[in-house]
Chemist: 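Can you keep this structure in mind? I'll have questions shortly.
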Number of protein chains: 4
Amino acid sequence: MIAGDPAKRSGTPSAERGRLDKRRAIVEAALRVFSQVGYAQASVDAIAAEAGVAKPTIYNHLGSKENLFRHVMTEMAARDNGKALEALEFFPTGPADLRTSLEAVARKLVDCYRDEQSEAVRRLLYAEVVRFPDLFDAVQASGPDQFIEALAGRLARLANAGLLSLKDPVRAAHQFIALVYDELPRMSAYGTRSLGQTEVDKVVADGVDTFLRAFRMR
Amino acid sequence: MIAGDPAKRSGTPSAERGRLDKRRAIVEAALRVFSQVGYAQASVDAIAAEAGVAKPTIYNHLGSKENLFRHVMTEMAARDNGKALEALEFFPTGPADLRTSLEAVARKLVDCYRDEQSEAVRRLLYAEVVRFPDLFDAVQASGPDQFIEALAGRLARLANAGLLSLKDPVRAAHQFIALVYDELPRMSAYGTRSLGQTEVDKVVADGVDTFLRAFRMR
Amino acid sequence: MIAGDPAKRSGTPSAERGRLDKRRAIVEAALRVFSQVGYAQASVDAIAAEAGVAKPTIYNHLGSKENLFRHVMTEMAARDNGKALEALEFFPTGPADLRTSLEAVARKLVDCYRDEQSEAVRRLLYAEVVRFPDLFDAVQASGPDQFIEALAGRLARLANAGLLSLKDPVRAAHQFIALVYDELPRMSAYGTRSLGQTEVDKVVADGVDTFLRAFRMR
Amino acid sequence: MIAGDPAKRSGTPSAERGRLDKRRAIVEAALRVFSQVGYAQASVDAIAAEAGVAKPTIYNHLGSKENLFRHVMTEMAARDNGKALEALEFFPTGPADLRTSLEAVARKLVDCYRDEQSEAVRRLLYAEVVRFPDLFDAVQASGPDQFIEALAGRLARLANAGLLSLKDPVRAAHQFIALVYDELPRMSAYGTRSLGQTEVDKVVADGVDTFLRAFRMR
DNA sequence: AATGAATGAGGTTTCATTCAT
DNA sequence: AATGAATGAAACCTCATTCAT
């Protein structure tokens with residue numbers, strides 16, 4: 001990103017740049033098409049049209065429809081995971097406004113989960129787990145697993161600070177997510193219908209409330 | 001039509017019986033195939049072979065691949081819902097062994113959810129919600145919605161008995177399910193890998209524990 | 001057709017009667033369907049539904065779709081031919097009002113040709129002549145050939161009466177039909193669009209006029 | 001694009017040439033197959049085999065069986081019309097050998113009409129007018145209508161030259177065609193059986209004779 | 001590197017026909 | 001005699017992939 005004048009550079013890199021741009025366009029177009037019609041019903045023709053390239057170009061870059069799908073899923077999952085980890089930076093570390101701070105973080109996390117692309121990736125993962133079991137593992141390792149670890153760490157810090165009473169921080173992290181998010185997918189038809197902000201906030205607040213009732217040090 | 005040994009009756013009933021048998025075979029075969037390869041990639045040929053009938057027979061009975069899919073989903077979802085409601089009958093009503101009873105019920109429920117067919121239907125629903133939004137509604141109405149209501153009623157009874165402290169039984173019902181089940185799909189790769197009974201039981205026990213810490217009357 | 005009480009007759013004839021009724025219903029239903037969608041695209045299912053019988057009943061009566069088609073075509077063609085021959089009975093034999101009488105007969109004939117069923121049969125014959133060459137011969141022999149002979153006889157009588165000057169009455173008969181009818185099929189899109197009576201009458205009158213200019217004894 | 005030996009030019013033009021060749025081969029093969037088995041019973045497989053291309057190539061070029069049929073009909077009708085109009089160039093303009101010249105032109109015209117492809121198109125048009133009413137209009141407008149106008153013009157010139165006595169040249173044009181052609185389709189089983197040249201010539205000569213008896217200035 | 005054209009394989013669906021009742 | 005159910009064959013059309021340019 002921090003290049004000099006690309007025109008001054010030797011031929012290959014700028015060509016390489018165009019090549020990467022095209023690759024990126026293909027992958028993003030593919031996510032759009034896959035998420036709208038599903039893996040099997042997405043035609044490479046449609047993806048090529050959406051990306052504005054010729055069909056063989058896709059094969060030149062990605063090799064096959066299956067491989068294209070793998071790249072779409074892993075790259076998008078990694079991007080989603082990054083956003084969720086960012087949200088964790090606002091996690092509270094002290095007693096001040098514990099409930100308010102937790103709710104704020106939970107809302108940020110839920111917003112990440114409810115992001116359209118994120119839900120699309122999750123639907124595709126659910127749909128194709130039988131045919132692409134390795135994809136499930138890749139996404140899980142690069143996404144939720146890392147995230148749960150990070151969240152567990154934050155919760156453990158609060159426990160160390162004497163604010164929470166936790167036996168198993170990892171389990172608690174799972175339960176935190178379950179409490180603030182689990183009801184939402186069914187409310188939004190797995191992310192295909194938009195929800196009112198107030199009903200989302202109520203679910204989050206109730207989840208945090210239950211979490212604190214269970215784990216706040218008395 | 002008026003009972004009696006059907007085998008002894010004249011042609012029509014037994015023919016009707018045979019017809020229904022064939023229809024049932026088709027629907028069950030279709031679930032197997034759909035759940036293994038997905039809706040779009042399931043060929044009617046494969047379903048016919050799995051059901052042991054000729055392809056046009058499927059069209060005679062169900063009309064189209066899409067209609068077949070709808071029937072598979074709604075009929076299977078209704079069946080799953082029935083099992084879950086049965087499990088609720090063992091819900092505790094008194095203080096005796098509250099934790100133990102809740103854990104027992106939760107294990108039964110989780111077993112229903114973890115049933116292979118049940119997970120397959122859920123995966124297909126997740127996968128096809130964009131293409132079949134009405135199916136989502138039908139399944140939701142005939143399944144989870146009814147079940148959550150029933151569970152909320154049971155929890156409200158415990159609250160009335162002075163055993164739990166609940167503001168919103170429906171929300172609590174959602175949270176109960178979230179706590180005892182939510183972690184499992186990711187552990188089992190959305191139901192495609194089997195879990196050890198002890199790890200499942202640990203999740204359930206921890207979920208019930210958190211639930212009781214939050215809601216047991218002190 | 002001139003029976004006593006059919007109920008008094010022995011079982012077979014009345015059964016036979018019902019059987020013939022059903023056969024007739026099938027053939028007439030078949031013409032309707034064939035003429036609307038063509039031979040190949042007419043499904044035996046649709047014909048059975050139109051006739052109000054079960055599909056195998058058609059096979060019991062007519063043996064096969066092809067045979068059914070043959071019967072439809074020959075029976076309808078014979079019926080049409082009968083009507084055309086009837087129209088010839090009004091053919092003039094003397095000098096009185098020769099033009100007026102010829103026009104009247106020509107109008108009747110053209111009405112026969114323009115009849116909806118008649119046009120439908122002609123379209124089907126045209127369409128299937130490659131696949132059913134024998135049908136063409138059967139229809140030709142039982143219809144147009146007979147009719148042309150009859151018309152030629154009528155014209156010859158007029159010639160004998162010194163009213164027309166004809167070398168070849170059969171050729172003249174063909175030309176008469178050509179002059180009064182030939183333009184109409186293209187005007188009516190081969191019988192699929194209705195024509196105004198006045199434009200039809202004009203064609204007929206002009207045809208008769210040309211015929212008389214060519215053949216009236218001077 | 002600017003002439004020159006196309007074989008020597010760079011890729012695009014010759015590729016385009018190849019593409020058009022393939023399209024032409026498809027359309028011509030399609031007419032052969034359609035005319036032999038009819039529209040509905042013609043399989044795209046058979047057309048592909050006859051054209052020596054793969055089935056999807058047909059869909060790439062023409063889009064659908066129905067569209068292919070439309071193109072076959074309109075292109076062939078236009079071609080036939082061109083030949084008929086060419087024949088008109090030999091139409092007499094002066095009194096010299098009027099009968100002989102008219103017979104010569106009529107024979108040329110009848111040869112156009114009796115051409116195998118031309119009869120095939122007419123049969124298909126007749127057969128499918130119910131399902132493709134727009135095709136009838138398109139063919140009529142690009143073919144017979146133009147031709148009748150041209151023929152009427154030629155006849156009007158003869159009238160102006162004082163050779164014919166015509167009130168309505170368009171009607172006379174229709175009648176000319178009717179007299180010299182109308183009998184032939186039934187003689188040749190709608191163009192599916194070949195006729196002897198002498199019987200054809202006799203019909204034509206008799207038709208011209210009747211036409212001249214009716215319209216030659218006395 | 002990128003593309004237009006072509007294809008083999010396989011998809012859903014329809015249909016004429018037969019069998020058991 | 002009449003029917004509901006079942007089927008084998010074949011139809012139209014789509015698609016992932018490759019080749020020549």
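Bear in mind the structure is a predicted one, so any value in this text is a computation, not a measurement. Here is how names work: the chains are called A, B, and so on, in the same order as the sequence lines, proteins then strands, and each is numbered from 1.
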Chemist: Could you give the CG-to-C1' distance, from D/Asp21 to E/dA5, as a whole number of Å?
Modeler: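 Rounded to the whole Å, the gap is 14 Å.
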
Chemist: Just how far, in rounded Å, is P of F/dA11 from CZ of D/Phe34?
Modeler: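 Checked: the CZ to P distance equals 13 Å.
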
Chemist: Contact class for B/Ala42 vs. all strands (heavy atom < 4.0 Å): base, sugar-phosphate, or nothing?
Modeler: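 B/Ala42: backbone/sugar contact only, no base atoms under 4.0 Å.
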
Chemist: Taking the side chain as C-beta and beyond, is there a heavy-atom pair between B/Ile47 and B/Phe34 under 4.5 Å?
Modeler: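 In contact.
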
Chemist: If you round to the nearest 0.5 Å, how far is CG of D/Asp137 from CZ of D/Phe132?
Modeler: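 Taking CZ in D/Phe132 and CG in D/Asp137, the distance rounds to 14.0 Å.
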
Chemist: Does OP1 or OP2 of E/dA5 have a side-chain N or O of D/His61 closer than 4.0 Å?
Modeler: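 Negative; the distance criterion is not met.
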
Chemist: Go through F/dT3, E/dT12, E/dT3 for me and flag the one nearest to the C/Asn60 side chain.
Modeler: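 Nucleotide nearest to C/Asn60's side chain: F/dT3.
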
Chemist: Can you tell me the distance, in whole Å, between the CD1 atom of D/Ile58 and the P atom of E/dA6?
Modeler: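 Computing the D/Ile58:CD1 to E/dA6:P distance gives 11 Å.
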
Chemist: Any side-chain heavy atom of D/Arg131 within less than 4.5 Å of one from C/Gln41?
Modeler: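 SC-SC contact between D/Arg131 and C/Gln41 confirmed.
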
Chemist: When you measure only distances, ignoring hydrogens and angles, does the side chain of A/Lys55 come within 3.5 Å of the base of F/dT17 through a donor and an acceptor?
Modeler: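 Indeed there is one.
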
Chemist: Stepwise, does the side-chain contact (heavy atoms from CB on, under 4.5 Å) test hold for D/Val53 with D/His61?
Modeler: CA-CA 11 Å; D/Val53 302; D/His61 282 261; over 6 Å; no

Chemist: Expressed as a whole number of angstroms, how long is the span from D/Gln41:CD to E/dT14:P?
Modeler: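 For the pair D/Gln41 CD and E/dT14 P, the rounded distance is 18 Å.
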
Chemist: Starting at the 5' end of DNA chain F and moving along, which residue's nearest nucleotide shows up first, D/Ser43 or C/Pro56?
Modeler: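 The residue closer to the strand's 5' end, by nearest nucleotide, is C/Pro56.
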
Chemist: Give the nucleotide from the list F/dC12, E/dA6, E/dT13 with an atom nearest to the side chain of D/Lys65.
Modeler: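 Side chain of D/Lys65 sits closest to F/dC12.
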
Chemist: Please give, in whole Å, the distance from F/dC15 C1' to A/Glu66 CD?
Modeler: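 After rounding, the reported distance stands at 16 Å.
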
Chemist: How many whole angstroms separate atom CG of D/Asn67 from atom P of F/dC12?
Modeler: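 Atom CG in D/Asn67 sits about 15 Å away from atom P in F/dC12.
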
Chemist: For the side chain of A/Thr57, counting heavy atoms from C-beta on, which of E/dT12, F/dT3, E/dT3 is nearest?
Modeler: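 It is E/dT3.
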
Chemist: Between C/Gly63 and B/Asp45, which residue's closest nucleotide on DNA chain E lies nearer the 5′ terminus?
Modeler: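 Upstream on the strand: B/Asp45.
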
Chemist: Look at the aromatic rings of A/Tyr39 and A/Phe69 and report parallel, tilted or perpendicular, splitting at 30° and 60°.
Modeler: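 Geometry flag for A/Phe69 against A/Tyr39: tilted rings.
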
Chemist: In whole angstrom, what separates B/Leu62's CG from E/dT13's P?
Modeler: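 B/Leu62 atom CG is separated from E/dT13 atom P by 11 Å.
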
Chemist: Show me, range against range, the stems involving DNA chain F, built from at least 3 consecutive Watson-Crick or G-U pairs below 3.5 Å.
Modeler: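 Runs of three or more consecutive pairs: E:2-21 with F:2-21.
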
Chemist: Could you tell me whether B/Glu75 and B/Arg24 have a side-chain N and a carboxylate O separated by less than 4.0 Å?
Modeler: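 Judged by the 4.0 Å cut-off on N to carboxylate O distance, B/Glu75 and B/Arg24 do not form a salt bridge.
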
Chemist: Compare side-chain N and O positions of D/Lys22 against OP1 and OP2 of E/dA6 and report whether any pair is under 4.0 Å apart.
Modeler: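 Answer yes for this pair, as a side-chain N or O of D/Lys22 is under 4.0 Å from OP1 or OP2.
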
Chemist: Mind running salt bridge (Lys or Arg N to Asp or Glu O under 4.0 Å) on D/Glu128 and C/Arg123 for me, showing each step along the way?
Modeler: CA-CA 8 Å; D/Glu128 300 301 332; C/Arg123 278 199 306 275; over 6 Å; no

Chemist: With a 4.5 Å heavy-atom cut-off, do D/Tyr59 and D/Val44 have their side chains touching?
Modeler: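 When only atoms from C-beta onward are counted, D/Val44 and D/Tyr59 do touch, with a gap below 4.5 Å.
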
Chemist: Which comes earlier along DNA chain F counting from the 5' end, the contact point of A/Tyr59 or that of B/Ala54, where each point is its nearest nucleotide?
Modeler: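 So the residue in question is B/Ala54.
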
Chemist: Starting from P on E/dA5, measure out to CD1 on D/Ile26 and report it in whole angstrom.
Modeler: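 Atom-to-atom, D/Ile26 to E/dA5, this comes out as 12 Å.
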
